[in-house]
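A quick write-up on the structure given underneath.
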Amino acid sequence: MTVIVMLGAPGAGKGTQAPVVAEHLGVPVLASGDLLRASVAARTALGRDAERYMNRGHLVPDETIVGVFLDRLGQADAQRGAVLDGFPRTRAQAVALDQALATAGRRVSGAILIDLPLDEVVARMANRRICTANGHVYNLVSYPPAVAGICDLDGSQLVQRPDDEEHTVRRRMAEQLPPLEEVVDHYREAGILASIDGRGSIEEVTAEVLVATDAAAERV
Ligand code: AMP
């Protein structure tokens with residue numbers, strides 16, 4: 001049972017690396033942003049509430065995300081483990097995760113931080129595009145689609161997320177980086193943090209992420 005937490009600023013490459021780690025371990029990726037966007041699309045009460053925060057670049061309140069995320073983690077496909085992308089985003093969420101896992105006799109095996117300087121993050125997010133069908137992620141500079149505006153994998157249209165527009169990005173960073181630091185500290189204090197330089201190519205980062213993954217899996 002291996003639970004890996006992927007950490008990094010929005011745009012650092014978590015969404016690209018998480019599926020690679022998941023495939024390596026044979027476990028699902030649980031992405032909090034995807035869960036929230038699915039609730040928004042389904043127009044549930046939680047989704048309508050979350051949307052107001054997300055479109056403005058705010059974190060949704062801990063009470064909104066913790067319940068829905070821990071429910072997802074409790075489902076059958078995650079019993080052998082999971083790669084968590086986007087959760088926890090605050091220290092309170094990290095503590096709630098530890099407690100929920102402990103009740104089930106489980107724990108976080110490792111946290112992998114993809115570390116990237118702020119300027120690089122802002123530049124990347126301005127170039128990020130995602131596909132409308134499945135959320136596949138592209139970058140107009142470093143990882144462009146074969147045909148402009150179209151997803152290579154499912155043919156759907158590529159769009160910029162409203163929360164990736166530059167003014168929103170700057171607000172997201174100002175608001176989301178301090179709590180991220182707290183989450184990083186939480187796992188550093190637990191002795192299970194691996195910090196990776198996110199400035200390399202996707203392949204270079206993947207190689208280091210997989211080394212950290214294997215070290216975490218050994219710890220189980
Ligand atoms: P992401 O796709 O991970 O960048 O998440 C998109 C947006 O969803 C974030 O900017 C937040 O508004 C919200 N969100 C995702 N995960 C969390 C979380 N763990 N806690 C609070 N808000 C979240």
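Quick caveat: nothing in here was measured; it's all calculated off a predicted structure. In listed order, ligands and their atoms are each counted from 1.
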Original post:
For Phe87, is at least one N or O under 3.5 Å away from an N or O on ligand 1?
Top reply: no
Subject >> Nearest non-hydrogen protein atom, atom 23 (C) of ligand 1 >> reply: Leu36 CD1, 3.8 Å
**OP:** Show which atoms of ligand 1 fall inside a sub-4.0 Å distance from at least one heavy-atom site of Gln93.
**Re:** 18 (C), 19 (N), 20 (N), 21 (C)
**OP:** Using a strict cut-off of less than 4.0 Å between a Lys/Arg side-chain nitrogen and an Asp/Glu carboxylate oxygen, indicate whether Asp115 and Arg199 qualify as a salt bridge.
**Re:** no
Original post:
Quick one: CD1 on Ile150 to OH on Tyr138, what's the gap to the nearest 0.5 Å?
Top reply: 10.0 Å
Original post:
Would Glu166 and Arg170 pass as an ion pair if we require N to O under 4.0 Å?
Top reply: yes
Original post:
Taking both backbone and side-chain atoms of Val60, is any N or O found less than 3.5 Å from an N or O belonging to ligand 1?
Top reply: yes
Subject >> Arg43 with Glu51: basic N within carboxylate O range, under 4.0 Å >> reply: yes
Original post:
According to a 4.5 Å side-chain heavy-atom criterion applied to Ile, Leu, Val, Met, Phe, Trp and Tyr, with indirect links allowed, do Leu70 and Leu59 form part of one hydrophobic cluster?
Top reply: no
Subject >> side chain to side chain donor-acceptor pair (under 3.5 Å) between Asn127 and Asn139, worked out >> reply: CA-CA 5 Å; Asn127 290 318; Asn139 183 290; 4.6 Å; no
Subject >> Atom CD of Gln160: over 12 foreign heavy atoms under 6.0 Å >> reply: yes
**OP:** Give the cluster check for Val3 versus Phe87: same hydrophobic cluster or not, with ILVMFWY residues linked at side-chain heavy-atom distances below 4.5 Å.
**Re:** yes
**OP:** Using the ring pair (Phe, Tyr, Trp, His ring centres under 6.0 Å) rule, collect all pairs that involve residues 2-39, keeping only residues at least two apart or in two chains.
**Re:** none
Original post:
Where on Leu59 is there a heavy atom closer than 4.0 Å to ligand 1, on the side chain, on the backbone, on both, or on neither?
Top reply: both
**OP:** Report, in ascending order of atom number, the atoms of ligand 1 lying under 4.0 Å from any heavy atom of His58.
**Re:** 11 (C), 12 (O)
Subject >> Arg128 N/O to ligand 1 N/O under 3.5 Å >> reply: no
**OP:** Could you tell me whether ligand 1 has any atom less than 4.0 Å away from a heavy atom of Tyr53?
**Re:** no
Subject >> Identity and distance of the protein heavy atom lying nearest atom 4 (O) of ligand 1 >> reply: Arg172 NH2, 3.0 Å
Subject >> Proximal candidate to atom 15 (C) of ligand 1 [heavy atom criterion; set Gly135, Ala92, Ser32] >> reply: Ser32
Original post:
Using heavy atoms and a threshold below 4.0 Å, how should the contact between Arg161 and ligand 1 be classified: side chain, backbone, both, or neither?
Top reply: side chain
Subject >> Per atom 1 (P) of ligand 1, closest listed option by heavy atom (Met54, Lys14, Arg89) >> reply: Arg89
Subject >> Non-hydrogen atom of Arg37 closer than 4.0 Å to ligand 1 >> reply: yes
**OP:** Give the residue, atom name and distance (to 0.1 Å) of the protein heavy atom nearest atom 10 (O) of ligand 1.
**Re:** Gln176 NE2, 3.1 Å
